Peer 1: 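Got a structure for you, written out below as structure tokens; questions coming shortly.
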Amino acid sequence: MSVWQQALISGISLGSFYVLLAMGFSLIFGVTHAFNLAHGELILLSGYLAYALWKFLAVPFYWTLPLCMLLLPTAALGLQWLLRRLPQPFEMNSLVVTFGLAIILQNLFLAFFSADFRLIMLEQSIILDLPGWSVLITANQVLLFFCSLGAVAVIHLFLHRTFLGKALRATIQDREGAALAGIRVGQMQVIAFAVGGGLIGLAGPLFATNMYLYPAGGMEATLIAIIITIAAGVGRTRSLLLSGWLLGLAESLATLLAGASWREMISAAVLILILLLRPQGLFAKKTAS
């Protein structure tokens, strides 16, 4: 088995995982311009809920996915109710409020689950034998790949093929113009938080199978969501998938060549380079100044 082949598989699965972490953040940020620093903690909330269902109630893991997707929109709508009451400047105040919410959630996780590292264990590995290929693929990697593809396809079709989705896209592109066209921007924000909450609910159980759950673990998820959203460009669903795969492959190659300690630095470097060179997104067209 070639280490390069294995790095490719690991990079694609890691990138698929990153896409799932970023989708809810990207949709909510695009519609509302709320920079949610508690995004990672909401993913942890979904992950801890899945862990409790799996560990203490013996619910099969695959059943925790739809359950969390149904329950997390309630938390997301609670956040929307809080944010819509903020005075101007909204963007700055949303940063402060969501940062405070992140700290509150971290302390709640600490109180209910302690500081122990927790993980949902999935079994089974698959050996894929193709001409010139012999790689180890885990059931978890297959799940991540197809969940990310499915989520991106569903959201893309929703945004481009339905009247409601087109109204959301118009709100992402120009809120004032959408309001003048008769679109109820307030309702679009509620819908964005509800759909984004469902995506967060999907990401949480998968987070619990790939990374350890612990009270301060949401910060990394928030950073990844910000990097992927900036790399893809706001409102570009298919670009999220490409951006996630690129970041996953970059981190996988960095780990192979230089060691795991360089993975976080690669993420930070990618964010800085994108902001300097392509602030509109890697796959977005340049607009005239």
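Here the structure is a predicted model, which means the values were calculated and not measured.
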Peer 1: Using the rule that two of Ile, Leu, Val, Met, Phe, Trp, Tyr join whenever any of their side-chain heavy atoms come within less than 4.5 Å, decide whether Val154 and Leu157 are in one cluster.
Peer 2: no
Peer 1: Are the side chain of Ser148 and the backbone of Phe145 linked by a donor-acceptor contact shorter than 3.5 Å?
Peer 2: yes
Peer 1: Holding to side-chain contact (heavy atoms from CB on, under 4.5 Å), I want the full list of residues that pass it with Leu82, two or more places apart in sequence or in another chain.
Peer 2: Val97
Peer 1: Just verifying a value: how many Å separate Leu240 CG and Ile228 CD1, rounded to the nearest 0.5 Å?
Peer 2: 7.5 Å
Peer 1: I'd like to know if the side chain of Gln141 reaches the main chain of Thr138, judged simply by a donor and an acceptor atom lying under 3.5 Å from each other, with no hydrogens or angles considered.
Peer 2: yes
Peer 1: If you look at every heavy atom in Leu44 and Phe109, which pair is closest and at what distance?
Peer 2: CB-CE1, 3.7 Å
Peer 1: Table please: side-chain donor-acceptor pairs of residues 182-192 below 3.5 Å, with sequence neighbours left out.
Peer 2:
none

Peer 1: Got a sec, which residues hit salt bridge (Lys or Arg N to Asp or Glu O under 4.0 Å) with Glu91, two or more places apart in sequence or on another chain?
Peer 2: none
Peer 1: Flag the pair Thr32 / Leu83 as yes when at least one side-chain heavy-atom distance between them is below 4.5 Å, and no otherwise.
Peer 2: no
Peer 1: Would a distance-only check, ignoring hydrogens and angles, find a side-chain to backbone donor-acceptor pair under 3.5 Å from Arg175 to His33?
Peer 2: no
Peer 1: Honestly curious: do Ile43 and Ile103 fall in one hydrophobic cluster under the side-chain, below-4.5 Å linking rule?
Peer 2: yes
Peer 1: Work out which heavy atom in Met211 is nearest to a heavy atom in Phe17; give both atom names and the distance.
Peer 2: SD-CE2, 3.4 Å
Peer 1: Of the non-hydrogen atoms in Met23 and Ala151, which two are nearest, and what is the gap between them?
Peer 2: CE-O, 3.6 Å
Peer 1: Flag the pair Leu119 / Leu213 as yes when at least one side-chain heavy-atom distance between them is below 4.5 Å, and no otherwise.
Peer 2: no
Peer 1: If we ignore hydrogens and angles and just use 3.5 Å, is the side chain of Asn140 paired with the main-chain N or O of Thr209 as donor and acceptor?
Peer 2: yes
Peer 1: What pairs of donor and acceptor atoms, side-chain ones from residues 49-67 against any protein atom, are under 3.5 angstrom apart with sequence neighbours left out?
Peer 2:
from, atom 1, to, atom 2, distance (Å)
Thr64, OG1, Phe61, O, 2.5

Peer 1: Establish whether Met219 and Leu42 are linked, either directly or via other cluster members, by ILVMFWY side-chain heavy-atom contacts under 4.5 Å.
Peer 2: no
Peer 1: Would you list the pairs meeting ring pair (Phe, Tyr, Trp, His ring centres under 6.0 Å) in which at least one residue belongs to residues 155-185, sequence neighbours left out?
Peer 2: His156-His160
Peer 1: Which pairs of donor and acceptor atoms, one on a side chain in residues 193-208, lie under 3.5 Å apart (sequence neighbours left out)?
Peer 2:
none

Peer 1: Please check: side-chain N/O of Thr98 versus main-chain N/O of Leu37, any donor-acceptor pairing under 3.5 Å?
Peer 2: yes
Peer 1: The criterion is salt bridge (Lys or Arg N to Asp or Glu O under 4.0 Å); which residues satisfy it with Glu251, sequence neighbours excluded?
Peer 2: Arg263
Peer 1: Where is the tightest heavy-atom contact between Ala38 and Asn36, given as atom of each residue plus distance?
Peer 2: N-OD1, 2.9 Å
Peer 1: Taking side-chain contact (heavy atoms from CB on, under 4.5 Å) as the definition, give me every residue that meets it alongside Leu256, ordered by chain and number, with sequence neighbours left out.
Peer 2: Val3, Trp4, Ala7
Peer 1: Indicate yes or no: at least one non-hydrogen side-chain atom of Phe113 is less than 4.5 angstrom from one of Pro215.
Peer 2: no
Peer 1: Please enumerate all residues that pass ring pair (Phe, Tyr, Trp, His ring centres under 6.0 Å) together with Phe99, with sequence neighbours excluded.
Peer 2: none
Peer 1: Same cluster for Leu180 and Val31 if Ile/Leu/Val/Met/Phe/Trp/Tyr side chains link at under 4.5 Å?
Peer 2: no
Peer 1: Any donor and acceptor pair, going by atom type alone, linking the side chain of Arg169 with main-chain N or O of Gly165 inside 3.5 Å?
Peer 2: no
Peer 1: How many angstroms lie between atom CD1 of Ile227 and atom CG of Leu223, to the nearest 0.5 angstrom?
Peer 2: 4.0 Å
Peer 1: With rounding to the nearest 0.5 angstrom, report the CG to CD distance, Leu108 to Glu41.
Peer 2: 11.0 Å
Peer 1: Walk me through whether Leu86 and Ser94 qualify under side-chain contact (heavy atoms from CB on, under 4.5 Å).
Peer 2: CA-CA 7 Å; Leu86 295 179; Ser94 68; 4.3 Å; yes
Peer 1: Please output the side-chain donor-acceptor pairs of residues 71-78 that fall under 3.5 Å, not counting sequence neighbours, one pair per line with the distance.
Peer 2:
from, atom 1, to, atom 2, distance (Å)
Thr74, OG1, Leu71, O, 3.4

Peer 1: Around atom CZ of Arg161, are there more than 12 heavy atoms from other residues, nucleotides or ligands closer than 6.0 Å?
Peer 2: no
Peer 1: Go through the structure and list residues passing side-chain contact (heavy atoms from CB on, under 4.5 Å) with Pro89, not counting sequence neighbours.
Peer 2: Met92, Asn93
Peer 1: With sequence neighbours left out, write down each residue that passes side-chain contact (heavy atoms from CB on, under 4.5 Å) with Ile226, or none if nothing qualifies.
Peer 2: Phe25, Phe35, Thr222, Ile230
Peer 1: If you count every heavy atom of other residues, nucleotides or ligands that lies below 6.0 Å from Arg238 atom CZ, does the total exceed 12?
Peer 2: no
Peer 1: Between the main-chain N or O of Leu21 and the side-chain N or O of His39, is there a donor-acceptor pair closer than 3.5 Å?
Peer 2: yes
Peer 1: To the nearest 0.5 Å, what is the distance between CG (Leu159) and CG (Leu164)?
Peer 2: 9.0 Å
Peer 1: State the CG-CG distance between Leu105 and Leu110, to the nearest 0.5 angstrom.
Peer 2: 12.5 Å
Peer 1: Would you give the length of the straight line joining atom CG of Leu14 to atom CD1 of Ile9, rounded to the nearest 0.5 angstrom?
Peer 2: 13.0 Å
Peer 1: Are Ile104 and Leu79 connected into the same hydrophobic cluster when the rule is that any two of I, L, V, M, F, W, Y join if their side-chain heavy atoms are below 4.5 Å apart?
Peer 2: yes
